[in-house]
Amino acid sequence: MRHKALKGIQDILHPETFIWQRLEAIARGVFRAYGYSEIRLPIIESTEIFQRSIGETTDIVEKEMYTFTDKGGRSVTLRPEGTAPFVRAFVEHHLYNEPPPQKYYYMGPMFRYERPQSGRQRQFYQIGAEALGVEEPVIDAEVIAMLSVLLNRIGIKDIEFEVTSIGCSKCRPDYKNALKESLKEKLNLFCEDCKRRYEANPLRILDCKVKTCVDARQGSPSVTGFLCDDCKVHFNGVQHYLKLLNVHYVINPNLVRGLDYYTRTAFEVKSSLLGAQNAVAAGGRYGSLVEEFGGPGTPGIGFAIGVERIISLISEPSAGAKGPDIFLCSMGHGAEEKILVLAGQLRREGLWAEINYDKSSLRSQMRRADRMRAKTVIVVGEDELKKNTATIKDMQDKKEFKVPLEAEEILKIIKEK
RNA sequence: GUGAGUGUAGCUCAGUUGGCAGAGCAUCUGACUGUGGCUCAGAGGGUCGCGGGUUCAAGCCCCGUCACUCACCCCA
């Protein structure tokens with residue numbers, strides 16, 4: 001094999017593309033119902049945009065970005081996530097001047113330079129939504145509810161919503177200190193990674209899967225207990241509205257986000273049917289990101305769905321794939337030209353019409369029609385051409401009869417079925 | 001970045017102590033010459049991931065490399 005796609009980067013082929021289209025169509029429909037407009041964002045941005053918003057010390061920025069220098073000497077990066085580019089565009093085009101809430105969705109590829117594994121590739125697709133300009137917890141709940149509706153429409157089962165609040169810039173530092181204090185004395189019980197996390201990002205210790213760490217952190221304080229009054233009220237509100245909207249969820253105070261910009265509400269949708277990478281969607285509130293990008297103080301909340309992970313949960317990837325509406329067989333040169341023109345007419349009416357391109361036998365043409373799962377076959381040979389008729393055959397009940405060799409007549413019959 | 005496993009036909013995979021490259025499915029063709037699925041017969045299709053080494057001889061043994069898979073880290 002001469003050339004291969006790059007490591008961790010895949011072609012998406014038929015019939016899988018069929019599922020992708022269906023999923024995207026469902027998503028667009030749900031977004032439309034909730035009043036979200038599409039925004040199309042570039043996949044490449046100035047590196048700074050990600051460094052500042054995602055956080056200098058996060059793994060994404062430290063080791064996972066596709067960053068290079070362009071011919072003008074600028075450092076550019078293939079987007080590892082969608083929120084930062086979105087907020088950049090939001091501020092650049094003064095979208096905050098529209099009446100709130102400003103609601104947008106996007107879909108497209110993201111890039112992270114990681115070792116590929118199940119549910120993780122270097123180029124992967126996300127469908128994301130962002131709602132800005134509303135501080136009230138009702139929008140948090142509505143965004144989560146919309147995600148729930150969307151996943152439901154797609155037919156995803158065996159998923160669980162996990163929700164928490166990670167506080168704000170006022171209360172999170174207190175919690176961080178309290179957590180460090182409580183872990184200080186038993187730090188030697190933790191794994192090497194957790195020891196490193198203790199300084200770099202102590203909240204991550206809560207997310208460690210090593211058994212000894214899970215045991216050792218028992219009894220340590222919970223974020224939700226350290227929320228300031230405002231954050232507490234907000235979180236209670238989110239829960240209230242989630243119940244009102246009948247969204248089933250569990251509170252997971254150990255839920256940790258890998259991006260620095262999140263405040264208050266954080267949530268994740270997990271599937272037990274996936275491998276180690278079990279999050280199919282995740283999101284949260286960002287209180288000051290718009291400000292950090294130079295816009296007016298505008299809160300936002302959003303989520304991103306991992307498209308490949310969702311697709312892998314859909315049981316029959318080729319279900320729903322259909323064959324042509326009609327297959328046109330020909331015998332002889334005159335008939336070949338006749339069906340070529342006829343197919344064009346039928347196609348203009350929106351039918352999927354397949355024709356034969358070579359001199360193969362009627363038998364092999366029929367075989368092809370059958371393999372393609374054509375619903376109806378038309379045969380035009382010398383006889384038909386002379387009488388200006390066509391033989392039309394239903395592939396299911398095998399019945400065939402003659403019809404006038406006219407597009408309108410054939411259309412009429414097909415549409416009756 | 002770390003660890004383990006796997007790379008042979010379009011797909012799924014056999015391939016013995018090193019001795020002519022295989023099967024099933026798929027594709028194409030044919031079976032009283034204008035009718036599909038089932039059956040039967042046949043055909044095409046291979047740089048055995050790539051590069052080196054050992055050997056009279058390597059798909060098989062050795063080294064390197066690339067890719068895939070799974071896991072860690074982390075995340076959608």
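Note that the coordinates shown come from a computational prediction; the quantities given were computed from them, not determined experimentally. In what follows, every chain begins at residue 1, and chains take the letters A, B, ... in the order their sequences are listed.
- In this structure, U16(B) makes no Watson-Crick or G-U wobble pair, since no nucleotide meets both defining distances under 3.5 angstrom.
- Rounding to whole angstrom units, CD of residue Q10(A) and C1' of U69(B) are separated by 11 Å.
- Backbone-only contact: A279(A) has heavy atoms under 4.0 Å from sugar-phosphate atoms and none from a base.
- When distances are taken from the side chain of Q117(A) to each of C75(B), U69(B), A71(B), the shortest belongs to A71(B).
- Between the side chain of R115(A) and the base of A71(B), no donor-acceptor pair under 3.5 Å is found.
- For R120(A) against C70(B), no side-chain N or O and base N or O form a donor-acceptor pair under 3.5 Å.
- G7(B) atom P lies 17 Å from atom NZ of K7(A), rounded to whole Å.
- Backbone-only contact: G8(A) has heavy atoms under 4.0 Å from sugar-phosphate atoms and none from a base.
- Y125(A) and Q123(A) share a donor-acceptor pair across their side chains, judged by distance under 3.5 Å alone.
- Straight-line distance between the C1' atoms of C28(B) and C32(B): roughly 23 Å, to the nearest whole Å.
- When heavy atoms are screened at a 4.0 angstrom cut-off, G275(A) is found touching the sugar-phosphate backbone but no base atom.
- Looking at every heavy atom in both residues, R52(A) comes nearest to E292(A) through NH2-O, 2.8 Å.
- A cation-pi arrangement is absent between R172(A) and F226(A), since the terminal nitrogen or guanidinium carbon is not both under 6.0 Å from the aromatic centre and inside a 45° cone about the axis.
- Across U8(B) and G49(B), the matching P atoms stand 6 Å from one another, rounded to whole Å.
- Residues V143(A) and F303(A) approach most closely at CG1-CD2, 3.5 Å, considering heavy atoms.
- Figure legend. C61(B) is base-paired to G53(B); pairs are counted as Watson-Crick or G-U wobble with both atom distances under 3.5 Å.
- Between the CG atom of D59(A) and the P atom of U2(B) there is a distance of 15 Å, given to the nearest Å.
- A67(B): Watson-Crick or G-U partner is U6(B), with both key distances under 3.5 Å.
- The CG-C1' distance, from N278(A) to C72(B), rounds to 15 Å in whole Å.
- A parallel orientation is assigned to the rings of Y105(A) and F31(A), their planes being inclined by less than 30° (bins at 30° and 60°).
- Y34(A) and E142(A) are not linked by any side-chain donor-acceptor pair at a separation below 3.5 angstrom, with hydrogens and angles left out of the test.
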What string of B, S and - do you get for nucleotides 33-44 of chain B, 5' to 3', if B is base contact, S is sugar-phosphate-only contact and - is no contact with any protein heavy atom under 4.0 Å? -BBBB-------
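- Side-chain contact between M146(A) and Y36(A) is present, with at least one heavy-atom pair separated by less than 4.5 Å.
- Using a 4.0 Å heavy-atom distance criterion, E268(A) is classed as making no nucleic acid contact.
- S364(A) comes within 4.0 angstrom of sugar-phosphate atoms only, judged by non-hydrogen atoms across all strands, and of no base.
- Rounding to whole angstrom units, CZ of residue R112(A) and P of C75(B) are separated by 9 Å.
- Summarising the base pairing, C38(B) is matched to no nucleotide, lacking a Watson-Crick or G-U wobble pair whose two defining distances lie under 3.5 Å.
- Residues R285(A) and V134(A) share a closest heavy-atom pair of NH2-O, 3.1 Å.
- Rounded to whole Å, the distance from NZ on K63(A) to P on C72(B) is 13 Å.
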